[in-house]
Novice: 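Quick one: structure below, then a few questions.
Letters A, B, ... mirror the listed sequences (proteins, then strands); counts begin at 1. As the structure is a computational prediction, the values presented were derived from the model and not from experiment.
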Amino acid sequence: MSDDGARRGWPLYEVFVRGKRGLNHVHVGSLHAPDAEMALHNARDLYTRRNEGVSIWVVKASDITASSPDEKDPFFAPSADKVYRHPTFYAIPEDVPHL
Amino acid sequence: MDETALAAHFDATIAGDQRIEPRDWMPEAYRRTLIRQIAQHAHSEIIGMQPEGNWIRRAPSLRRKAILLAKVQDEAGHGLYLYAAAETLGVDREELTEKLISGRQKYSSIFNYPTLSYADVGVIGWLVDGAAICNQVPLCRCSYGPYARAMVRICKEESFHQRQGYELLLAMVNGTDAQREMVQESTNRFWWPSLMMFGPPDGDSPNTRQSMDWGIKRHTNDELRQRFVDMTVPQAEALGVTLPDPGLRWNAERGHYDFSEPDWDEFKAVISGSGPCNAQRLAQRRRAHEEGAWVRAAAQAYAEKQASRTAAA
């Protein structure tokens with residue numbers, strides 16, 4: 001998937017679109033472009049033909065550092081064993097309001 | 001992890017109806033099947049611009065022209081979503097384009113039929129896009145994440161394609177006798193090729209079982225074909241056109257329409273290159289690619305110049 005532009009093809013850009021104000025940018029797909037500016041224009045034409053967005057990010061795919069895709073990876077293990085991070089860990093009497 | 005453990009994890013993901021994502025381990029055959037299917041699908045969208053593109057400059061009104069332009073632009077977009085999905089499997093888009101224009105990868109047989117009248121624009125929207133929707137809606141739940149997500153976007157847009165076609169036909173059948181005749185004549189030409197879009201009959205489709213086990217396919221070719229016929233008959237009645245199959249009749253026992261077998265010899269001839277427009281479609285795609293070469297080179301040269309200026313500053 002990585003492409004440094006040294007090949008005859010254009011580099012790959014990943015595209016993120018903010019659907020409307022108040023929402024996060026969300027990954028929608030990718031495209032090839034010779035530079036970031038063209039990537040942005042192409043992303044507008046390709047991914048927002050029907051008002052799907054108010055803002056676009058493009059990022060060179062080769063600039064993304066990713067974790068291993070496997071969700072069972074030990075990388076995520078530390079987040080599973082801290083049950084006290086969840087509100088349901090704490091027992092509160094039923095009759096105490098607003099908690 | 002060794003291969004057996006990885007394969008077990010893959011199988012469990014599929015069995016749990018979870019999605020496979022690009023950097024997950026997957027069997028080579030799964031990867032190959034997906035690359036072939038997604039590339040073929042992408043090529044179909046790209047080649048699919050041609051039959052209708054043929055009518056853009058001869059659209060009967062500005063309204064129809066604007067609609068047709070938007071539709072053909074969508075087909076290009078669908079092709080690009082799908083090439084992007086294919087690339088997540090480790091193939092290069094340039095390579096896929098080369099395989100298309102050198103005839104080493106196929107596209108849907110339907111686009112090898114000519115568009116002879118403006119009614120064809122309507123009938124393609126109604127029947128061809130209708131058949132495509134039947135095929136594509138289940139693909140939104142395909143086990144490969146990027147393909148499924150591309151299909152969700154595509155299906156949202158296909159609904160416009162089908163409705164614009166049907167509306168165009170409604171306008172024509174409410175017009176003159178000559179216009180009604182055009183709609184009927186176009187329906188006669190596109191009915192059988194549309195049924196062929198679902199692929200060979202189940203008994204002659206050796207890869208279906210494996211694709212269903214992998215969650216790539218959710219229904220067999222014959223199931224989808226039946227669904228399409230059942231959907232389409234009342235739509236034809238509402239238009240007042242006759243579907244050109246004397247064997248078409250309601251079967252109360254099955255709760256489905258019975259219909260005749262398409263001419264599978266014709267289907268085989270068209271996919272192996274002998275359809276009415278195969279050579280023309282590929283030649284036009286090749287020409288467009290070659291004539292666009294200077295644009296790609298210029299954009300690349302500009303990007304390099306800008307990058308070297310930034311580096312020097």
Novice: How many angstroms lie between NZ in Lys156(B) and CZ in Arg50(A), if you round to the nearest 0.5 Å?
Specialist: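 So the gap between those two atoms works out to 10.5 Å.
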
Novice: Using every non-hydrogen atom in the two residues, find where Leu12(A) and Glu87(B) come nearest and quote the distance to one decimal.
Specialist: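 Here Leu12(A) and Glu87(B) meet closest at CD1-OE1, 3.7 Å.
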
Novice: Are there more than 12 heavy atoms of other residues, nucleotides or ligands under 6.0 Å from atom CG of Asp63(A)?
Specialist: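 Atom CG in Asp63(A) is packed in, count exceeds 12.
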
Novice: Relative to chain B, which segment of Ala36(A) carries a heavy atom at a distance below 4.5 Å: side chain, backbone, both, or neither?
Specialist: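 Answer is neither: Ala36(A) stays 4.5 Å or more from chain B.
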
Novice: Given that the side chain runs from C-beta out, which part of Leu46(A) has a heavy atom under 4.5 Å from chain B: side chain, backbone, both or neither?
Specialist: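 It is both, since atoms from each part get that close.
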
Novice: Around atom CG of Asn51(A), are there more than 12 heavy atoms of other residues, nucleotides or ligands at under 6.0 Å?
Specialist: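 Atom CG in Asn51(A) is not crowded, with 12 or fewer foreign heavy atoms closer than 6.0 Å.
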
Novice: Within the structure provided, determine whether Arg153(B) and Val28(A) are in side-chain contact (heavy-atom separation under 4.5 Å).
Specialist: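 A side-chain contact under 4.5 Å exists here.
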
Novice: Return the minimal non-hydrogen interatomic distance between Ala303(B) and Pro34(A), and the atom names on each side.
Specialist: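 Closest heavy-atom pair between Ala303(B) and Pro34(A): CB-O, 3.3 Å.
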
Novice: Considering all heavy atoms of both residues, which atom of Asp45(A) and which atom of Gln73(B) are nearest to each other, and what is their separation?
Specialist: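 Where Asp45(A) meets Gln73(B) most closely, the heavy atoms are O-NE2, 4.4 Å.
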
Novice: Determine whether more than 12 heavy atoms belonging to other residues, nucleotides or ligands lie under 6.0 Å from atom CZ of Arg163(B).
Specialist: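 Not more than 12 within 6.0 Å, no.
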
Novice: May I ask you to check whether over 12 heavy atoms, not counting those of Arg58(B), lie within 6.0 Å of atom CZ?
Specialist: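 Above 12, so yes.
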
Novice: Does this structure show an ion pair linking Asp35(A) with Lys305(B), if we count only N-O contacts that are shorter than 4.0 Å?
Specialist: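 Here Asp35(A) does not pair with Lys305(B) in a salt bridge, since their nearest N and O are not under 4.0 Å apart.
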
Novice: What distance do His32(A) atom NE2 and Tyr83(B) atom OH have between them, rounded to the nearest 0.5 Å?
Specialist: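 These two atoms lie 11.5 Å from each other.
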
Novice: Go through it in stages, so that I can follow the logic: the residues are Gln306(B) and Glu37(A), the test is side-chain contact (heavy atoms from CB on, under 4.5 Å), and I'd like the CA-CA distance, side-chain angles, deciding distance and then a yes or no.
Specialist: CA-CA 11 Å; Gln306(B) 294 300 315; Glu37(A) 199 187 329; over 6 Å; no

